[in-house]
Chemist: 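Here it is: the structure, laid out below.
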Amino acid sequence: MGRRDRRALESSYRLLISHLLKWEFQPQLRTPAWEITIARERTHIEQLERQSPSLERQAAAIVEGVYRRARKEAEIETGLPRSTFPPQIPYTLEELRDDDWMPA
């Protein structure tokens, strides 16, 4: 179960980050669907981390590991050049986990 949960957590962080990047860098195209995805993935992350404290302790490394792929997905989905998106994750773990936080 540990490996499966780690993959699920990686997937949720990747999807969350890609949607936050789209939200931040394409504000004119924001949709309720993006907001729903962001909220859903935050809930999923919270559940997984609550069930597995060892995964919660690995969250920073997981986020660093999935950022490259999340950035690539945001690039493909938006059609914006890669240089639009920061080379390093611009969000803290606290921001990623905060249900009320959204990038400007």
Side-chain angles (χ1 to χ4, degrees):
M1 177 128 118
R3 238 182 272 150
R4 185 179 71 208
D5 287 345
R6 183 181 170 97
R7 282 193 304 272
L9 188 59
E10 289 170 347
S11 178
S12 284
Y13 270 119
R14 180 187 45 74
L15 192 55
L16 171 62
I17 293 165
S18 70
H19 275 71
L20 290 173
L21 288 169
K22 292 188 312 183
W23 186 271
E24 181 173 1
F25 293 97
Q26 253 189 348
Q28 70 281 10
L29 298 179
R30 290 176 181 170
T31 67
W34 289 1
E35 246 182 307
I36 289 167
T37 298
I38 290 166
R40 183 185 63 232
E41 295 310 316
R42 282 180 166 152
T43 298
H44 193 226
I45 287 165
E46 179 185 358
Q47 291 170 342
L48 286 167
E49 290 181 344
R50 190 173 352 103
Q51 292 169 3
S52 179
S54 66
L55 280 179
E56 183 178 11
R57 289 188 296 273
Q58 297 173 42
I62 289 170
V63 166
E64 290 295 325
V66 302
Y67 181 68
R68 183 183 62 80
R69 186 70 204 143
R71 180 181 179 210
K72 181 66 174 174
E73 288 177 8
E75 174 191 348
I76 292 168
E77 286 188 42
T78 63
L80 296 170
R82 173 171 273 197
S83 60
T84 303
F85 305 103
Q88 303 297 320
I89 179 130
Y91 316 122
T92 66
L93 271 179
E94 291 75 23
E95 290 168 337
L96 292 174
R97 292 171 174 157
D98 183 344
D99 287 334
D100 297 320
W101 183 85
M102 295 293 273

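For clarity, every value in this text was computed on a predicted model and none was experimentally measured.
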Chemist: Tell me if a side-chain donor or acceptor on Arg42 pairs with a main-chain N or O of Asp98 at a distance below 3.5 Å.
Modeler: yes
Chemist: Hey, does Glu56 have a side-chain heavy atom less than 4.5 Å from the side chain of Arg50?
Modeler: no
Chemist: Does any non-hydrogen side-chain atom of Leu20 lie less than 4.5 Å from one of Trp101?
Modeler: yes
Chemist: Between Glu75 and Arg71, is there a salt bridge with N-O shorter than 4.0 Å?
Modeler: no
Chemist: Let me see the working for Glu77 and Lys22 under side chain to side chain contact (heavy atoms under 4.5 Å, CB included), right down to the final yes or no.
Modeler: CA-CA 8 Å; Glu77 286 188 42; Lys22 292 188 312 183; 2.5 Å; yes
Chemist: Do Leu15 and Arg40 come within less than 4.5 Å of each other through their side chains, counting heavy atoms only?
Modeler: yes
Chemist: Find the distance between CG (Asp5) and CG (Leu55) and round it off to the nearest 0.5 Å.
Modeler: 6.0 Å
Chemist: Within a radius of less than 6.0 Å around CZ of Arg68, do more than 12 heavy atoms belonging to other residues, nucleotides or ligands occur?
Modeler: no
Chemist: Leu21 vs Tyr67, test: side chain to side chain contact (heavy atoms under 4.5 Å, CB included). Steps then yes/no.
Modeler: CA-CA 10 Å; Leu21 288 169; Tyr67 181 68; 3.9 Å; yes
Chemist: Can you find a pair of side-chain heavy atoms, one from Arg4 and one from Arg7, that are under 4.5 Å apart?
Modeler: yes
Chemist: Are the side chain of Ser52 and the backbone N or O of Leu48 linked by a donor-acceptor pair below 3.5 Å?
Modeler: no
Chemist: Heavy atoms, side chains only, cut-off 4.5 Å: are Val63 and Tyr91 in contact?
Modeler: no
Chemist: Rounded to the nearest 0.5 Å, what separation is found between the CH2 atom of Trp23 and the CG atom of Leu29?
Modeler: 11.0 Å
Chemist: Could you check whether any side-chain N or O of Gln58 sits under 3.5 Å from a backbone N or O of Ser54, counting only pairs where one atom can act as donor and the other as acceptor?
Modeler: yes
Chemist: What about Tyr13 and Met102, same hydrophobic cluster or not, with Ile/Leu/Val/Met/Phe/Trp/Tyr joined at side-chain heavy-atom distances under 4.5 Å?
Modeler: yes
Chemist: Report yes if the side chains of Phe25 and Thr78 come closer than 4.5 Å at any heavy-atom pair, otherwise no.
Modeler: no
Chemist: Only one of Gln47, Glu46, His44 clears side-chain hydrogen bond (donor to acceptor under 3.5 Å, both in side chains) with Ser12; which?
Modeler: His44
Chemist: So, are Arg97 and Glu49 salt-bridged, with charged N and O less than 4.0 Å apart?
Modeler: yes
Chemist: Less than 4.5 Å apart, side chain to side chain, heavy atoms only: is that true for Arg14 and Glu73?
Modeler: yes
Chemist: Closest heavy-atom contact between Ser18 and Ala74?
Modeler: O-CB, 3.9 Å
Chemist: When rounded to the nearest 0.5 angstrom, what is the spacing between CD1 in Ile38 and CG in Asp99?
Modeler: 11.5 Å
Chemist: Do Gln88 and Glu64 have side chains that get closer than 4.5 Å, going by heavy atoms?
Modeler: yes
